[in-house]
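A, B, ... follow the sequence lines: proteins, then strands. Residue 1 opens every chain.
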Amino acid sequence: MRTPGHSILLGVTVFTSMSVSLLAVPAKWKPLLSAHCFDCHDAASEKGGIDLESALEQPLGERTEIWEKAVRQLQTRLMPPVDKDRPSEAEYSQLVESLEKALDVHASRHPNPGRSESLRRLTRNEYQRVIRDLLALEIDATSLLPPDQASHGFDNVTVGDLSPALLDRYISAAQKISRLALGRVGSSPDGRTVRLRPDFTQEGHVKGLPFGTRGGTLIRHTFPRSGDYIIRLNLMRDRDEKVEGINGVHELQVLLDGEVAASFEVRPPKNRSDHTKVDAHLLARIRVQAGSRELGVTFVKTPSDLIETLRQPYEAAFNTHRHPRRSPAVYQVTITGPFEAGEAGETASRGRILEGLAAQDEAGARELLRTLLRRAYRGLADDGDLVRALQFYREGSESGGFEAGIESALAAILVSPKFLFRVERDPEGARPGSPYALDDFEIASRLSFFLWSSIPDDALLDSAAGGELSKPEGMAKQVRRLLVDPRSRSLIENFASQWLYLRNLDSITPDGRLFPDFDDNLRQAMRRETELLFASVLRDDRSVLDLLNSDHTYLNERLAKHYGIPHVYGERFRRIELGADSQRGGILRHGSILTVTSYAHRTSPVLRGHWVLKNLLGTPPPPPPPDVPSLEDNTVDASLPVRQRLAVHRENRSCARCHNPMDPIGFAFENFDAVGQWRTRESGQPVDATGRLPDGTRFDGVAGLEEGLLKRPELFVRTLTEKLLVFALGRGIEPSDAPAVRKIVRGAAEENYRFSAIILQIVASDPFTMRMTKSQNIP
Amino acid sequence: MNFLTKKALPRRTVLRGFGATMALPLLDAMIPAATAAIGTPAKPVRRLGYVFMPMGADLSRWTPEGATLDKLSPILKSLAPVKDKVNILTNLELRPAYPGSHATSNSAFLSAARAKLTESSDYYLGTTADQIAAKEIGQATQLPSLELAMDMMETVGQCDNGYACVYQNNLSWSTPTTPLPAEAHPRLVFENLFGAGGSKAERQAALKRRASLLDFVKEDMVALKRDLGPEDRTKVDGYLDTVREVERRIQKAEADVSENPLPDLDRPVGVPASYADHARLMFDLQVLALQGDVTRVITFQLARETSNRTYPELGVPDPHHPLTHHGNDPAKIARMAKINTFHVSLFAEFLKKLDAIREGEGSLLDNSLYLYGSGMGNPNKHDHVNLPTLVAGGGASGIRGNRHIHFKEVTPLANVHLTLLERVGVHLEKFGDSDGFIEELAV
């Protein structure tokens with residue numbers, strides 16, 4: 001529940017500070033804790049820095065952190081370790097329940113919603129979406145801004161910095177974007193170079209390009225003005241600079257919004273060894289109308305692309321020495337222009353910016369800028385902001401006319417800290433270290449950045465202005481609206497891709513000798529499968545448990561072949577119903593997850609076990625101590641199978657502490673190799689996929705692991721909730737957040753963990769709607 | 001709206017757009033202007049550059065006779081005009097490049113480190129000399145370092161004898177696991193260095209626009225600061241420091257534009273079709289980057305190891321790599337030597353341009369140090385001894401030229417790296433397999 005105001009809160013704080021000593025862990029648990037915990041966690045041993053014996057004697061309010069940690073360890077049954085004397089199941093659950101109850105009561109008396117940083121910069125990812133929503137302009141932010149660093153698993157946490165290099169890039173980006181948005185051009189033609197991944201196989205059809213073509217790429221490009229543009233193409237070359245796959249004549253086409261704009265023939269050089277000029281003529285000057293257009297570059301498919309060989313050819317074809325390309329491929333597309341520029345035309349971004357303009361004068365500019373500022377500063381623009389923006393308008397319009405003025409003001413808005421930073425201010429006069437309710441505009445931004453990774457739209461700003469977001473029903477209405485909006489795709493592309501490590505796929509390159517069939521096409525198909533399953537749970541508002549337990553999945557031909565599933569043809573992904581005995585289904589069986597948690601040359605039960613503990617169970621083991629050798633380099637006989645080598649490794653006591661829970665989870669996946677293909681034998685031995693969950697449940701294979709995880713769904717939902725909270729709040733989750741997390745999970749359980757139920761619980765929670773003022777004792 | 005459309009684009013830019021033979025070296029028009037006297041900077045800046053030549057050289061035509069360069073060998077002939085600022089170093093080896101391969105010739109050249117044998121993404125090398133320098137002398141400039149190459153494409157997967165392609169693609173590594181990709185596209189390099197470029201007036205106007213945006217940022221920051229609590233104010237103060245730092249850079253750039261005689265910067269649009277034009281453009285970009293003090297550390301790969309580029313303009317229709325496995329066929333060696341000669345001549349042209357630009361008491365060349373060389377000696381044998389190596393420039397800090405320094409003992413190339421780093425003010429005790437400094441080049 002939201003709290004109406006500070007004055008009442010202050011009253012609560014005073015009241016509760018007197019009652020701290022009233023709360024304690026019930027004394028009846030002392031014998032149980034003593035029997036099972038104090039061996040290691042008493043004042044003398046204090047293993048892991050945890051002394052429960054002393055904590056028990058102290059008021060709960062002073063030791064909530066240690067008890068929250070204990071709850072978590074007990075809940076997942078990580079403690080006491082499996083090889084020690086453990087409480088019964090009944091004792092476990094009663095103890096956890098009792099501790100939680102005491103902690104929740106304490107939390108309700110001492111609300112601590114936590115404190116996100118006051119100043120948080122837009123991430124590069126958000127920036128791209130914000131420009132799209134503010135200006136109806138598609139940009140490629142990766143070419144304008146440096147990447148963000150991730151912490152707590154997400155890139156929107158460490159965003160309080162502003163280096164000179166970054167500010168420099170922001171200024172350049174603002175200038176470029178404002179020019180592009182209004183369709184104005186600089187003094188010399190601009191260029192864009194798009195390069196295709198060298199391990200992208202181009203023998204087949206590429207989605208979005210016409211049928212009957214193969215390979216190439218489809219580029220969405222904003223042509224700022226009508227005029228001539230020069231399209232330059234280069235072909236893939238091998239390490240010897242020879243154009244790959246060149247045999248016979250190939251037709252290469254440039255398509256503009258699906259229409260052929262230019263066509264070339266590509267043929268082998270007369271002097272067979274000199275490939276210098278093979279693609280020198282791939283240069284076209286074409287007339288383009290201003291606006292956002294799709295530029296396709298692709299080869300016309302010819303029957304000769306089907307070749308017969310004795311051996312079945314690999315699906316992957318990009319490496320000259322192992323599985324060469326059978327036909328030429330596009331490497332790079334460069335768009336330069338405009339030359340002989342004409343009108344700016346009616347583009348989406350001009351429409352959005354100049355919408356409703358009455359007259360091209362200062363009064364008109366004032367109205368345009370007022371709207372722009374409201375959107376760009378998320379409802380926090382004041383009169384001073386308008387005055388400053390108008391100054392830029394005047395300077396620009398004096399030398400270049402009305403639109404030059406708007407461009408100039410827009411550039412200024414895009415570098416303002418009010419645009420680049422999300423600001424949450426402590427209320428004036430508030431006591432240090434006390435909770436307060438965020439105002440409606442701050443809530444609106446939290447909502448839109450959580451669900452859209454972008455700015456609020458007009459409707460959301462209106463509801464904030466009307467005070468709707470302070471009312472539970474008003475908030476719920478907006479959340480439902482935001483969730484069904486296509487912009488919530490960011491939950492898949494931005495949240496899920498980071499939570500599940502899909503983003504790491506791009507940097508994974510399995511060993512080409514062992515997995516000759518891996519190429520970028522497969523990599524992207526793997527990513528898509530997981531995105532589509534997540535999307536279906538989100539869009540159909542199903543239980544999030546369906547992510548683990550799915551009777552269907554999404555495949556295209558490439559991935560279906562990889563999985564050995566027949567009768568799936570073409571690039572298009574479609575829903576495939578799976579039988580009960582299928583090897584595929586939930587995310588634990590997805591090639592994407594199985595590949596990002598493997599080494600280049602073999603599976604890693606350790607990485608996979610770690611992934612499950614961290615991302616599904618929320619109990620990541622601590623990082624390995626320094627100077628630990630990897631399995632490769634240590635003294636364990638390298639000829640033993642991985643399972644046996646890990647067993648030898650776990651005989652070392654300091655290794656065992658973390659690897660005992662981790663490795664046996666990872667073994668569940670041993671039927672999947674390092675690129676997620678099913679296997680029943682490994683190095684000549686039958687695969688052994690038996691394992692054990694931290695609670696002692698033994699299982700065989702991934703089905704057993706899934707069953708074990710689904711037996712206690714609250715652990716998985718709690719972890720997902722925490723990940724969503726990190727993403728929503730832009731800060732790490734603290735033990736003090738645990739009561740709020742429990743409340744969210746309990747609330748969602750009543751609705752069978754439907755996706756929207758979790759989201760609605762989160763946005764109604766104290767950490768989302770409130771914030772602590774800065775406490776005094778922390779400098 | 002129409003003030004820009006009235007403006008005719010320079011014809012040359014339009015022609016360049018076709019990327020064909022029209023791309024002219026950027027500097028043809030600038031040399032006379034550049035030699036005009038300018039104000040003396042208080043302190044000469046020191047810069048460090050590396051040019052990598054693939055697959056060794058014909059050493060019989062490379063190694064000069066005698067202890068001076070008065071009688072230049074055939075491959076080095078083109079250096080005659082700048083020989084007083086050049087030293088040839090003979091009897092250097094690159095032990096970490098063994099077992100002999102192309103991948104390691106490239107990767108060990110600047111790292112003096114052994115590449116971990118792997119084809120996958122768990123590659124491991126060492127921090128390269130240029131990056132060590134960049135961390136010290138590169139911080140004051142817009143770009144700490146600049147990595148350039150001539151090959152437009154990065155190869156992936158397996159490249160050479162089980163080594164990942166990154167070893168062969170990247171000369172420069174900022175950490176043992178972070179190869180820095182090099183850029184071969186002149187337009188992308190140009191934009192990285194100079195933004196949109198333009199005439200002096202245009203560049204000044206562009207800087208003014210940036211400065212005025214920066215003022216705006218500052219005003220808004222100050223306004224923002226008033227609304228925040230003490231702790232967050234401190235944070236905004238940090239941002240304001242950032243704003244002032246960027247302001248300082250813009251002021252420096254403004255000063256550079258008015259004081260430095262950089263020519264009109266006409267943004268190159270396409271990639272020149274001929275290798276020579278492309279290479280000259282890449283060298284010209286280096287001259288401009290150094291002259292404008294945009295960066296002080298540069299690496300440039302003239303071609304990749306195992307390059308199969310042909311040089312028809314030299315009368316060498318054979319691809320380079322097979323030619324280096326010449327089997328001691330004199331005709332093949334002669335053709336390979338033509339390529340070596342050609343590469344050196346491009347570098348010599350570049351040195352002449354650097355030397356024509358006054359800076360302080362001397363020339364830009366005097367205030368720069370360039371190492372030119374290869375990770376291989378005799379490519380027919382894939383060996384890593386007798387590396388063809390030359391050091392140019394450095395006169396401002398007292399390095400003499402016109403010497404053929406012939407080491408009696410086989411000397412690690414890493415000693416040269418160590419010494420050049422020392423020369424630019426980066427003191428290390430050891431680098432890679434170094435076992436001392438090169439006295440002849442040492443301070």
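B/Leu213 touches chain A through backbone and side chain together, each having a heavy atom under 4.5 Å away. No part of A/Ala280 comes within reach of chain B, as not one of its non-hydrogen atoms sits under 4.5 angstrom from that chain. Looking at A/Glu117, the atoms closer than 4.5 Å to chain B (heavy atoms on both sides) all sit in the side chain, from C-beta outward. Only the side chain of A/Phe392 comes within contact range of chain B, with at least one heavy atom under 4.5 Å from a heavy atom of that chain. Using a 4.5 Å cut-off between heavy atoms, A/Arg192 touches chain B through its backbone atoms (N, CA, C, O) alone. Residue contact with chain A, scored on non-hydrogen atoms closer than 4.5 Å, is absent for B/Thr234. Residue A/Tyr377 touches chain B through its side chain alone, counting heavy-atom pairs closer than 4.5 Å.
When atom types are taken as modelled, the side chain of B/Thr242 and the backbone of A/Leu162 share a donor-acceptor pair closer than 3.5 angstrom.
In summary, A/Arg195 and B/Glu183 engage in a salt bridge, as defined by a charged side-chain N under 4.0 Å from a carboxylate O.
Considering only heavy atoms from C-beta on, A/Val415 stays 4.5 Å or farther from B/Asp220 through its side chain. Side-chain contact check for B/Leu214 versus A/Leu167: some heavy-atom pair is nearer than 4.5 Å. Annotation: side chain of A/Arg237 is not in contact with side chain of B/Asp151 (no heavy-atom distance under 4.5 Å).
Evaluation of the salt bridge (Lys or Arg N to Asp or Glu O under 4.0 Å) test over residues 408-426 of chain A, restricted to residues two or more places apart or in two chains, returns A/Arg115-A/Asp426, A/Asp382-A/Lys418, A/Asp385-A/Lys418, A/Glu424-A/Arg446, A/Glu424-A/Arg771, A/Arg425-B/Asp227, A/Asp426-A/Arg771.
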Exercise for the section: Begin from the C-alpha positions of B/Tyr239 and A/Leu119 and carry the test side chain to side chain contact (heavy atoms under 4.5 Å, CB included) through to its verdict. Expected result: CA-CA 11 Å; B/Tyr239 299 160; A/Leu119 293 156; 3.8 Å; yes
Practice task
Report the C-alpha separation of A/Ser163 and B/Glu245 in whole Å, then their side-chain angles, then the decisive distance to 0.1 Å, and conclude whether the side chain to side chain contact (heavy atoms under 4.5 Å, CB included) test is met.
Solution key: CA-CA 9 Å; A/Ser163 67; B/Glu245 169 61 21; over 6 Å; no
